[in-house]
Structure formats: C-alpha cells, structure tokens
Amino acid sequence: MGTTKHTDGSFFTVLLQDQLDGLQVFQENQWIDVHPIHGALVVNIGDLLQLITNDRFISATHRVLANQVGPRISVVSFFRPPISPGNNSMVCKPIKQLLSEENPPIYKEIDARDYFNVYFSKGLDGTSPLLHFRL
Ligand SMILES: O=C(O)CCC(=O)C(=O)O
Ligand SMILES: [Fe+2]
C-alpha cells in the first residue's frame, strides 16, 4: 500500500522509514526518491507551516510507491493542533512579523478545525487544501 501525491496538513511531520524505498518528493518538476538512511528521520514541512510563514516555507509534495517486496513499515508523527471535539481549536494565520507592505498576507485567519475539515473531506486528490484559504 502506498499513498497518492499529497502534502501533509501538519505544521511538520517526522517520519521513520524502514529499509524499503518508496517515498518520493516532488521537486523541480520531478519525483525524487528519498532513500532510507539507517537511524535518520525525514522531516516534511506541512501546509500549516506554509500558511503561518506566508509561503516562506512550502509544504513538501510527496507520495509513496509501495511496489517493492514488502511489507514496508513507516512510523509517522504529525505535529499539528488538536482538532478533536471538546478541545479548543487553534486559530492559524500568517505570523505578523513576517508580513510587510511588500509581503502582505496570502492566507486568511483560519480555525485549524476548519482547515482539517477541508483536508479530510477532499481526500488525497493531489490539490492543495491551502487554495481554500487564500485571500
Ligand atoms: O509512509 C511514508 O513514508 C509516508 C507516509 C505519508 O506520507 C503520510 O502518512 O502522510
Ligand atoms: Fe504524507
């Protein structure tokens, strides 16, 4: 099992892979293999970091081709605001110190729960949920 092209909804994601290839990142119009390195962690920038940094950091578009001899195991930790019912949701918006006349906000102030509602309802269709939150 793999995943289709997507960005993570987190601020960032920490990933521990086993020894099997499969993870690829899309960079400069091509898919690049992220070969596992024993003892190393992969850190992916997610959409919420892109949003609060007003596009200074861009979330990593990636996919997993799990077409090798398996099973392939990866341990994934998403660093994101709490969104379960009962928890207060977090307001996310571009950090004001990063904004200026030349660099106005690109994204609206959003409730993290609204962001994840969009993220989960559209599925991994390859389009960015951030498009829904642009000003
Ligand atoms: O299994 C992997 O290496 C990555 C999984 C992934 O991209 C995800 O869970 O968002
Ligand atoms: Fe991912």
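We count ligands from 1, going down the list as the structure has it; atoms in each ligand are counted the same way. Quick caveat: nothing in here was measured; it's all calculated off a predicted structure. Start at 1 with the first residue, then count along the sequence.
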*Candidate pair Ile106 and Gln50, rule side-chain contact (heavy atoms from CB on, under 4.5 Å), full reasoning*: CA-CA 10 Å; Ile106 299 170; Gln50 177 166 342; over 6 Å; no
*Begin from the C-alpha positions of His62 and Phe26 and carry the test side-chain contact (heavy atoms from CB on, under 4.5 Å) through to its verdict.*
CA-CA 6 Å; His62 56 286; Phe26 195 67; over 6 Å; no
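Here Asp8 has side-chain heavy atoms under 4.0 Å from ligand 1, and that is the only part of it that gets that close. With a 4.0 Å heavy-atom cut-off, ligand 1 is reached by the side chain of Leu15 but not by its N, CA, C or O.
Nearest protein neighbour of atom 6 (C) of ligand 1, counting heavy atoms only, is His6 NE2, 3.9 Å. At the shortest separation from atom 9 (O) of ligand 1 among protein heavy atoms lies Phe78 CZ, 3.7 Å.
Residue-ligand proximity, Arg72 to ligand 1, at heavy-atom distances under 4.0 Å covers atoms 1 (O), 2 (C), 3 (O). Atoms of ligand 1 found under 4.0 Å from any heavy atom of His62, numbered from 1 in the order shown, are 7 (O). Residue Val64 has at least one heavy-atom neighbour below 4.0 Å for each of these atoms of ligand 1: 1 (O), 2 (C), 3 (O), 4 (C). Below 4.0 Å from some heavy atom of Ser74 lie the following atoms of ligand 1, by number and element: 1 (O), 2 (C), 3 (O).
The N/O atoms of Thr3, backbone and side chain alike, include none that comes under 3.5 Å of an N/O atom in ligand 1.
Residue-ligand proximity: Arg63 is placed with every non-hydrogen atom at 4.0 Å or more from ligand 1.
Under the 30°/60° scheme for interplanar angles, the aromatic rings of Phe12 and Phe79 are found to lie parallel.
The only option from Leu51, Ile110, Ile83 that meets the side-chain contact (heavy atoms from CB on, under 4.5 Å) definition with Tyr115 turns out to be Ile110.
Between NE2 of His62 and OD1 of Asp8, the angle at the Fe ion (ligand 2) works out to 100°, rounded to 10 degrees.
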